[in-house]
Visitor: 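Have a look at the structure that comes next, please.
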Amino acid sequence: MLTDQPVHLHARSARIDDPGSLIDLLPGDQFDTAFLRLGDGFVGSGRVTGLACRTPQEADAWWSRLTFEHTIDEDFDGRLGPEGSPRVITPPGVMAFGHFVFDPERSHSDAVLQVPEWVVGRRDGVTWVTQISTEPITAPPKAPTPVPVRRHPGTVTYADGSLSAIEWERRVHMAIERIRAGELEKAVLAREMVATGSEGIDARHLAANLATSYHRCWTAMVDRWVGASPEMLVRRRDGLVTSRVLAGTIQRTSEADADRALATHLARSSKDLGEHEYAVASVAEALEPWCSGMNVPDAPYVLELPNVFHLASDVTGVAKQGATSLGLAAALHPSAAVCGTPTGLARDLIAEVEGLDRGRYAAPIGWIDSSGDGEWAIALRGGRIDGDRAHLYAGCGIVADSVPADELAESNAKLIPMREALEG
Ligand SMILES: C=C(O[C@@H]1C=C(C(=O)O)C=C[C@H]1O)C(=O)O
């Protein structure tokens, strides 16, 4: 574990004019961070301090020490309410952005939690900049200057990642047999595809396209990962905990009538409803010790995305004392939506059969503030940018009556957002 020395953090925020695209404020280096949905959210840049670690538990302990044992001087320059509105918006002040690892015991990847030098945030029509520093901040911060130079990747070509499509189907078949033999109930198997851009790959180009086309998803960028996740592992805001659970998927067509029929089919499919139930139960069980007054919906709704329909359930509860958003993410990861049921057996089967080091794919990605509030999405529908390459990932929940060819088609549908973002 590589830990920066403990520091005293100062944060100061000021309201700024809306700069339009928040992504255009990012300079285009490895510390670019973003977490955006429906035009609101944050972008951040630079690194004041940080932690290279393995697990969200370690990161939560480090963040709690940093924010509770060391005094934090958060001067918000007043509360930033919208013009003429009684509503009040208080910027989070000191924040960290992080991205973890799917299977820290087996992966070669590290997790990261880092505090940026500045954050620009937007919520409900109010935009602000927060400067974060180890030194006292004597003047109100100014808006960063936009850098609207997003490079297009040029011609994009694709190649199989760790396994060919045919070999992956064979692995799915192996998983189905193990499930049918009664070893476990569900396992999520993922595959990798490698995209190469003739002109290199600029994560800002991808993030800007994803934030536009998949605006109902959480466009997240941390330490060269970028994606548009439809799944919120956990959000804690003012003590309220929310988790959006997805499992059960059907690819959309370009035809409204056919789509309506597919949505109805999905909502009644016993295979998908069964798969969904496992995922909701795993989230409800993991949240239980940390929450009071939990609400677990009886039946899912159909979430419409441009490429697929998902069965979705929003589980809510009230956080117990001391349950930070990162602590909750640690308790919830890996959920059955990205791992399987039972968790331990599914994780072992994935390691044995999938033929892939998932790294940070399918792990929590998001942010936390000094109060412990934050949002941790699951890093799906995204990829790791490495020079002129992007390693893209997509996975599917496998149950006893899954069909390998259908799962391959589903994984291709889940790769569409990144392929369109690269090519667009
Ligand atoms: C694993 C992925 O997606 C997950 C699996 C789903 C499914 O199997 O139906 C649906 C949403 C996600 O929970 C992915 O997109 O890579």
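Atom set for the values below is all heavy atoms of this structure, side chains included, hydrogens, waters and symmetry mates excluded. For ligands, and for the atoms within them, numbers begin at 1 and follow the listed sequence.
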Visitor: Number the atoms of ligand 1 from 1 as they appear, then name those within less than 4.0 Å of a heavy atom of Cys396, with their elements.
Guide: 8 (O)
Visitor: Identify, for atom 2 (C) of ligand 1, the protein heavy atom at the shortest distance, and state residue, atom and that distance.
Guide: Gly395 O, 3.3 Å
Visitor: Return the residue, atom name and 0.1 Å-rounded distance of the protein heavy atom closest to atom 16 (O) of ligand 1.
Guide: Tyr361 OH, 2.6 Å
Visitor: What is the nearest protein non-hydrogen atom to atom 5 (C) of ligand 1, stated with its residue, atom name and distance?
Guide: Lys414 NZ, 3.4 Å
Visitor: For Arg216, does the CZ atom sit with more than 12 other heavy atoms under 6.0 Å from it, leaving out its own atoms?
Guide: no
Visitor: Which atoms of ligand 1 are found less than 4.0 Å from any heavy atom of Glu275?
Guide: 7 (C), 8 (O), 9 (O)
Visitor: Once you measure the plane-to-plane angle for Trp225 and Tyr393, does it fall in the parallel (<30°), tilted (30-60°) or perpendicular (>60°) bin?
Guide: parallel
Visitor: Which residue and non-hydrogen atom of the protein lie closest to atom 4 (C) of ligand 1, and at what distance in Å?
Guide: Ala337 O, 3.6 Å
Visitor: Mind checking whether His276 has a heavy atom under 4.0 Å from ligand 1?
Guide: no
Visitor: Does any part of the side chain of Val194, heavy atoms only, come nearer than 4.5 Å to the side chain of Glu192, both counted from C-beta?
Guide: yes
Visitor: What atoms of ligand 1 come closer than 4.0 angstrom to any heavy atom of Glu410?
Guide: 7 (C), 8 (O), 9 (O)
Visitor: Of Phe97, Phe35, Phe100, which meets ring pair (Phe, Tyr, Trp, His ring centres under 6.0 Å) against Trp376?
Guide: Phe100
Visitor: For Tyr214, is the NZ or CZ atom of Arg381 found under 6.0 angstrom from the centre of its six-membered ring and inside 45 degrees of the ring axis?
Guide: no
Visitor: Using the rule salt bridge (Lys or Arg N to Asp or Glu O under 4.0 Å), only one of Arg236, Arg237, Arg235, Arg244 pairs with Glu375; which is it?
Guide: Arg235
Visitor: With a cut-off of 6.0 Å (strictly less than), are more than 12 heavy atoms of other residues, nucleotides or ligands near CD of Gln30?
Guide: yes
Visitor: Any chance NE2 of His152 has more than 12 other-residue heavy atoms, nucleotides or ligands included, within less than 6.0 Å?
Guide: yes
Visitor: Looking only at protein heavy atoms, which one is nearest to atom 9 (O) of ligand 1, and what is the separation?
Guide: Thr249 OG1, 2.5 Å
Visitor: How does Leu380 reach ligand 1, if at all, at less than 4.0 Å between non-hydrogen atoms: by side chain, backbone, both, or neither?
Guide: side chain
Visitor: Considering only protein heavy atoms, which is closest to atom 12 (C) of ligand 1, and at what distance to one decimal place?
Guide: Glu231 OE1, 3.2 Å
Visitor: Ignoring angles and geometry beyond distance, decide whether Ala247 reaches within less than 3.5 Å of ligand 1 through its nitrogen or oxygen atoms.
Guide: no
Visitor: Is the count of non-hydrogen atoms from other residues, nucleotides or ligands lying under 6.0 Å from Gln57 atom CD greater than 12?
Guide: yes
Visitor: So do Cys217 and Leu305 actually touch side chain to side chain, heavy atoms under 4.5 Å?
Guide: yes
Visitor: Just jot down the ligand 1 atoms closer than 4.0 angstrom to any heavy atom of Gly248, in number order.
Guide: 7 (C), 9 (O)
Visitor: Assess Ala394 for proximity to ligand 1: is some non-hydrogen atom of it under 4.0 Å away?
Guide: yes
Visitor: Please write down residue, atom name and distance for the protein heavy atom closest to atom 15 (O) of ligand 1.
Guide: Arg381 NE, 2.5 Å
Visitor: In the protein, which heavy atom is nearest to atom 8 (O) of ligand 1, and how far is it?
Guide: Gly397 N, 2.8 Å
